[in-house]
Colleague: 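Submitted below is the structure of interest, expressed as structure tokens.
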2 protein chains.
Amino acid sequence: MRISTRGKYGVRAMLELAMGYGQGPIPLKVIAERQQISEHYLEQLMGTLRRAGLVNSVRGAQGGYELAFPPGEIKIGQIIRVLEGPIAPVECVEDGVDPACERFEACATRLLWERLRDSMTEVLDSTTLADLCEDAASL
Amino acid sequence: MRISTRGKYGVRAMLELAMGYGQGPIPLKVIAERQQISEHYLEQLMGTLRRAGLVNSVRGAQGGYELAFPPGEIKIGQIIRVLEGPIAPVECVEDGVDPACERFEACATRLLWERLRDSMTEVLDSTTLADLCEDAASL
DNA sequence: GGAATCCCTATGGGTTTACTCGGGATTGGT
DNA sequence: ACCAATCCCGAGTAAACCCATAGGGATTCC
């Protein structure tokens, strides 16, 4: 029941961008240094986040990345979904999937997985980058 | 954010045992057939569950597996922990681990992961096999 | 004794993870 | 015009993990 480094690094990088929001783009190198993440690897994650529309990139010298929206409008769940895929403990309770489930007992476990999915979604979608910035400030 | 087949199969197998609780041991073959799980693979999972004390095994002809406790006393969280490891989205919020975390921003994300862990734990530890049996009965 | 069981270790193919590498495209500063 | 700082992209890779499969050994009921 772990998220991978993609989700972990992604959230950390996005928090970094959130803390510098409104002050121009932040270069990858700086994010990677501050968060101690392999630069080349983080680059791939940022590419994914950019294609998903969560960050904008500015190419060339003095370029870098910045959030596509204010921190208060970006939910952690969005980041996770982009980098880790659907938030669902098992495939058959993914959003939008409605498989004809054969085993009737399986449905009992399915209710369980749905409850788990919902509680995970609740936490991840009720927290924004702005919330994490506040948390960071009060530490 | 997926559990593996170990957790899935494990819960399904345990539910099968719960539904036959008090009626003698159920052979692996039957569980595997009813739940459509590879027999040999399930055997390994049952071995793990047995060594963890969640099921008892009866060897020899007419043998099989049975729950070590009544269904109402076995939480899904116990099964998951045995088969999947600690319930924690990231390593640093595992129970009993208190790492000196270097990055102060990391602590902001750590609060998030703790909230996620807690909400997952809440669901999994508040549901017992008896609850799943009820769910199954009312379908 | 034999069939039905559980028990154990080893192995293997496929996928995923977490990177690394090398080069190309774009842009600001001088 | 040039150069350095950036982002962009695709390939490659070693290790780990997942999901089994294989084959035999030990135990117990009938």
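Predicted, not measured: the structure shown is a model, and the values here were computed from it.
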Colleague: Output the residues of residues 2-11 of chain A in contact with DNA chain C, where contact means a heavy atom of the residue under 4.0 Å from an atom of the strand; sort by number or write none.
Modeller: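 The stretch gives A:S4, A:T5, A:R6, A:Y9 as the residues lying under 4.0 Å from the strand, ordered by number.
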Colleague: Should A:R115 and B:D131 count as an ion pair when the cut-off is N to O under 4.0 Å?
Modeller: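 Salt bridge between A:R115 and B:D131, a charged N being under 4.0 Å from a carboxylate O: no.
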Colleague: Which nucleotide, C:dC19, D:dT21, D:dC8, lies nearest any side-chain atom of A:Q44?
Modeller: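 Closest nucleotide among those given: C:dC19.
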Colleague: Side-chain heavy atoms nearer than 4.5 Å, only ILVMFWY residues, links allowed to pass through others: does that put A:F69 and A:V82 together?
Modeller: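 Yes, it is one cluster - the side chains of A:F69 and A:V82 are joined through contacts under 4.5 Å.
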Colleague: Both B:E39 and B:E84 contact DNA chain D. Taking the nearest nucleotide for each, which residue is further toward the 5' end?
Modeller: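 Counting from the 5' end, the first nearest nucleotide belongs to B:E84.
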Colleague: If the cut-off is 4.0 Å, is B:R51 near the phosphate of C:dC6, judged by side-chain N/O to OP1 or OP2?
Modeller: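 False: B:R51 side-chain N/O out of range (4.0 Å or more) of C:dC6 OP1/OP2.
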Colleague: OP1 or OP2 of C:dC7 versus the side-chain N and O atoms of B:R50: is any pair under 4.0 Å?
Modeller: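 Yes, such a contact exists.
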Colleague: Less than 4.5 Å apart, any side-chain heavy atom of B:M1 and any of A:M1?
Modeller: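 No, every pair of side-chain atoms sits at 4.5 Å or beyond.
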Colleague: Report the distance from atom OH of B:Y65 to atom P of D:dT28, rounded to the nearest whole Å.
Modeller: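 To the nearest whole Å, that distance equals 14 Å.
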Colleague: What is the separation between atom CE on B:M46 and atom P on C:dT5, rounded to the nearest whole Å?
Modeller: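 Interatomic distance, CE of B:M46 to P of C:dT5: 15 Å.
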Colleague: Drop me the distance from B:I31's CD1 to B:I26's CD1, to the nearest 0.5 angstrom.
Modeller: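 Going from the CD1 atom of B:I31 to the CD1 atom of B:I26 covers 6.0 Å.
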Colleague: Would you tell me whether B:Y41 and B:T5 have side-chain atoms, one donor and one acceptor, within less than 3.5 Å of each other?
Modeller: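 Short answer, yes.
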Colleague: Is B:Y41 close enough to D:dA22 that one of its side-chain N or O atoms is under 4.0 Å from OP1 or OP2 there?
Modeller: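 Looking at the OP1 and OP2 atoms of D:dA22, neither is under 4.0 Å from any side-chain N or O of B:Y41.
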Colleague: Hey, is A:R110 close enough to A:E114 for a salt bridge, meaning N to O under 4.0 Å?
Modeller: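 A:E114 and A:R110: salt-bridged.
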Colleague: Identify which nucleotide among D:dC8, C:dC6, C:dT20 has an atom closest to any side-chain atom of A:E43, counting heavy atoms from C-beta outward.
Modeller: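 The answer is D:dC8, which lies nearest to the side chain.
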Colleague: Which residues within residues 53-62 of chain A lie with some heavy atom under 4.0 Å of an atom in DNA chain D?
Modeller: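 Nucleic-acid contacts, sorted: A:S57, A:V58, A:R59, A:G60, A:A61.
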Colleague: Given atom CG of A:L45 and atom C1' of C:dT20, what is their separation to the nearest angstrom?
Modeller: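 After rounding, the gap between these two atoms is 14 Å.
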Colleague: Where the side chain of A:T127 meets the backbone of A:L124, is there a donor-acceptor pair that is under 3.5 Å apart?
Modeller: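 It does not hold such a pair.
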Colleague: Can you find a pair of side-chain heavy atoms, one from A:L17 and one from A:Y21, that are under 4.5 Å apart?
Modeller: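 Counting from C-beta outward, A:L17 and A:Y21 never come under 4.5 Å.
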Colleague: For A:E84 and A:S4, test the side chains for any donor-to-acceptor distance below 3.5 angstrom and give the result as yes or no.
Modeller: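 Yes - a donor-acceptor pair under 3.5 Å links their side chains.
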